[in-house]
2 protein chains.
Amino acid sequence: MARPSKKEHLVDTAVKLFGRDGFNATGIDKILQEAGVARMTLYKHFKSKDELILAALRRRDEQFRIWFKSAVEKTGGSPAQRLLASFDALEEWFEGRAFGGVPFTGCSFINAAAEFSASNHPAHQMAGEHKRLLMEYLRLLASSAGARNPDQLAWEIALLHDGAIVAAQVSSDSNAARGAKEIARVLMKQQGVSLPEEGRAVTAQC
Amino acid sequence: MARPSKKEHLVDTAVKLFGRDGFNATGIDKILQEAGVARMTLYKHFKSKDELILAALRRRDEQFRIWFKSAVEKTGGSPAQRLLASFDALEEWFEGRAFGGVPFTGCSFINAAAEFSASNHPAHQMAGEHKRLLMEYLRLLASSAGARNPDQLAWEIALLHDGAIVAAQVSSDSNAARGAKEIARVLMKQQGVSLPEEGRAVTAQC
DNA sequence: ATAAATATACAGACCGGTTAGTCTTCTAAA
DNA sequence: TTTAGAAGACTAACCGGTCTGTATATTTAT
């Protein structure tokens, strides 16, 4: 019953538990129990745990990128402002204000690449694809913002994102996003991207 | 026999295998076999696998920081040049030219924080300590280089390091270190750190 | 409308393999 | 002779994965 439900719910639960406890450390049984789903229902939809892992990463990629885009765009600023707003989105995430208050446990894709270190492992490759798609979005913003070299700026900002993620995860550095944002400001300026007045929104100038 | 050997060799083997295959995915048996050491010899020196993991991380921290410092300092340049040389060291590492040609599989501490996500887990905390110690070294260099705000510059460069590590690991981006180096150049300039002529060593000016 | 057939999902026993960790026996060297 | 270490059996738990059986719907045929 509720055809859209069982498989979806299983994948959602897997996303949550894999993200929280890791892939190898999370057993099938825990997922089944948490999801309230029978064993054979899982193996009807997925032929192995590895396939469930891939499905969970696919879902996470989709979920994350949708959230990220909307978090960046809800500010409604110019492309340049949106590039900066991406760091505010990271801060939301780090502080557990994103994804319904789920505590931050690092980027699932960085974590996946860590656990599945062989670069030809499907999960590892999916991690690379996720980062590539995020960078593609940044490249679009950089281009719209009038960067002299949009590819380079997107690459740089992506690197700042990952650096901030690592700092937030490994060192519990709650200011990582803000610090990275300041670096981004410098790099954008260097690329000829013009921002409105420093530290004040262009629309609410009192 | 060879008193210094057994325990040390065990830890060295653990460093290698944990680094290559991950912590949860590496069983005790594999380490024992690879090291050619008996089971009880392990449990004579460590009361659990967790303790072996911590010992391996301690060794890796020591090994990595010694290598990193010497790789940075063998260039023999000024403090400012050494800050930049740190990115060349990363490149060596990424390309498998460090640690006796062991292929790069990411930073063991980032990986540890990924597998042991609870921030109060000893391995996770050791990862934070490792990053802190590396940053301390960078702070010293930044200070000697005459940075206006050495703490900030060290923090920024550490973030660039981690960003480059993630890019190299997740996306197999072989230019990650060079790209990060260029960003560092900008940030150092902004901090009033003066470099000799661009792209040419100060001692070998032909 | 009623009855049979089909599909879906749950519950749980079960399997072989592997895990971390303990214990005992044997060997070789100091 | 003493002792460190190798070898390997052993335990208890857990792993991913399979199999059986049952209950409940929905669909189809009569």
Side-chain angles (χ1 to χ4, degrees), chain A residues 1-59 111-112 114-118 121-124 126, chain B residues 1-58 111-112 114-118 121-124:
Chain A
M1 169 194 299
R3 184 181 66 288
S5 222
K6 285 295 167 198
K7 185 176 181 182
E8 305 294 312
H9 184 220
L10 210 39
V11 175
D12 285 335
T13 307
V15 166
K16 184 172 73 175
L17 295 186
F18 285 147
R20 195 187 62 190
D21 302 328
F23 299 92
N24 285 311
T26 301
I28 285 293
D29 287 337
K30 208 189 296 177
I31 296 172
L32 291 176
Q33 188 182 1
E34 179 87 8
V37 162
R39 208 170 193 72
M40 282 315 288
T41 305
L42 190 161
Y43 285 102
K44 184 157 300 179
H45 295 298
F46 308 97
K47 45 185 267 198
S48 67
K49 181 189 180 183
D50 286 295
E51 278 207 1
L52 178 60
I53 289 176
L54 293 182
L57 284 174
R58 254 187 298 269
R59 160 83 99 261
N111 296 351
E115 288 206 51
F116 309 111
S117 54
H121 189 293
H124 193 120
M126 190 162 296
Chain B
M1 161 201 304
R3 183 182 69 287
S5 222
K6 286 296 169 200
K7 185 177 180 180
E8 306 294 311
H9 184 221
L10 209 39
V11 175
D12 285 335
T13 307
V15 166
K16 184 172 71 173
L17 296 186
F18 285 147
R20 196 187 62 190
D21 302 328
F23 300 91
N24 285 311
T26 302
I28 286 294
D29 286 339
K30 208 188 297 176
I31 297 173
L32 259 19
Q33 187 182 1
E34 178 89 5
V37 162
R39 205 171 203 71
M40 283 315 289
T41 306
L42 190 160
Y43 286 102
K44 183 158 299 178
H45 295 297
F46 307 97
K47 45 183 269 199
S48 68
K49 181 189 181 183
D50 285 299
E51 277 207 2
L52 177 61
I53 289 176
L54 293 182
L57 285 174
R58 254 187 299 267
N111 295 351
E115 287 206 51
F116 309 110
S117 54
H121 189 293
H124 193 120

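In the text below, chain A, chain B and the rest are named by the order of the sequence lines, each starting its count at 1. Note that this is a predicted model, so its numbers are computed, not measured.
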Could you state the atom-to-atom distance from CG of B/Leu10 to P of C/dA20 in whole Å? 13 Å

For B/Thr41 and D/dA6, is the shortest distance between a side-chain N/O and OP1 or OP2 below 4.0 Å? yes

Looking at D/dC15, I'd like to know if its phosphate oxygens (OP1 or OP2) sit under 4.0 Å from a side-chain N or O belonging to A/Lys30. no

For A/Gln33, look at atom CD and say whether over 12 heavy atoms of other residues, nucleotides or ligands are found less than 6.0 Å away. no

For A/His9 and C/dT8, what is the distance between atoms NE2 and C1' respectively, to the nearest whole Å? 17 Å

What about B/Arg39, does its side chain sit under 3.5 Å from the base of D/dG8 through a donor-acceptor pair? no

May I ask you to evaluate whether A/Lys49 reaches the phosphate of D/dG16, defined as a side-chain N or O under 4.0 Å from OP1 or OP2? yes

From the candidates D/dA6, D/dG16, C/dC10, the one with an atom nearest any side-chain atom of A/Val37 is C/dC10

d(OH, A/Tyr43; C1', C/dA9) in whole Å: 16 Å

Rounded at 0.5 Å granularity, tell me how far CG in A/Asn111 sits from CG in A/Asp21. 11.5 Å

Please report, rounded to the nearest Å, how far the P atom of C/dT8 is from the NZ atom of A/Lys7. 12 Å

Pick the nucleotide of DNA chain D nearest each of A/Ala25 and A/Met40; which residue has the one closer to the 5' end? A/Ala25

Please report, rounded to the nearest Å, how far the P atom of D/dC15 is from the CG atom of A/Asp21. 12 Å

Describe, in one word, how the ring planes of B/Phe116 and B/His121 are oriented to each other, choosing from parallel (under 30°), tilted (30 to 60°) and perpendicular (over 60°). parallel

OP1 or OP2 of D/dG16 under 4.0 Å from side-chain N/O of A/Lys47: no

Hey, could you give me the CG/CZ distance between B/Leu52 and B/Phe23, rounded to the nearest 0.5 Å? 10.0 Å

Between B/Gly27 and A/Ala38, which residue's closest nucleotide on DNA chain C lies nearer the 5′ terminus? A/Ala38

Over how many whole Å does the gap from B/Asp29 atom CG to D/dA6 atom P extend? 15 Å

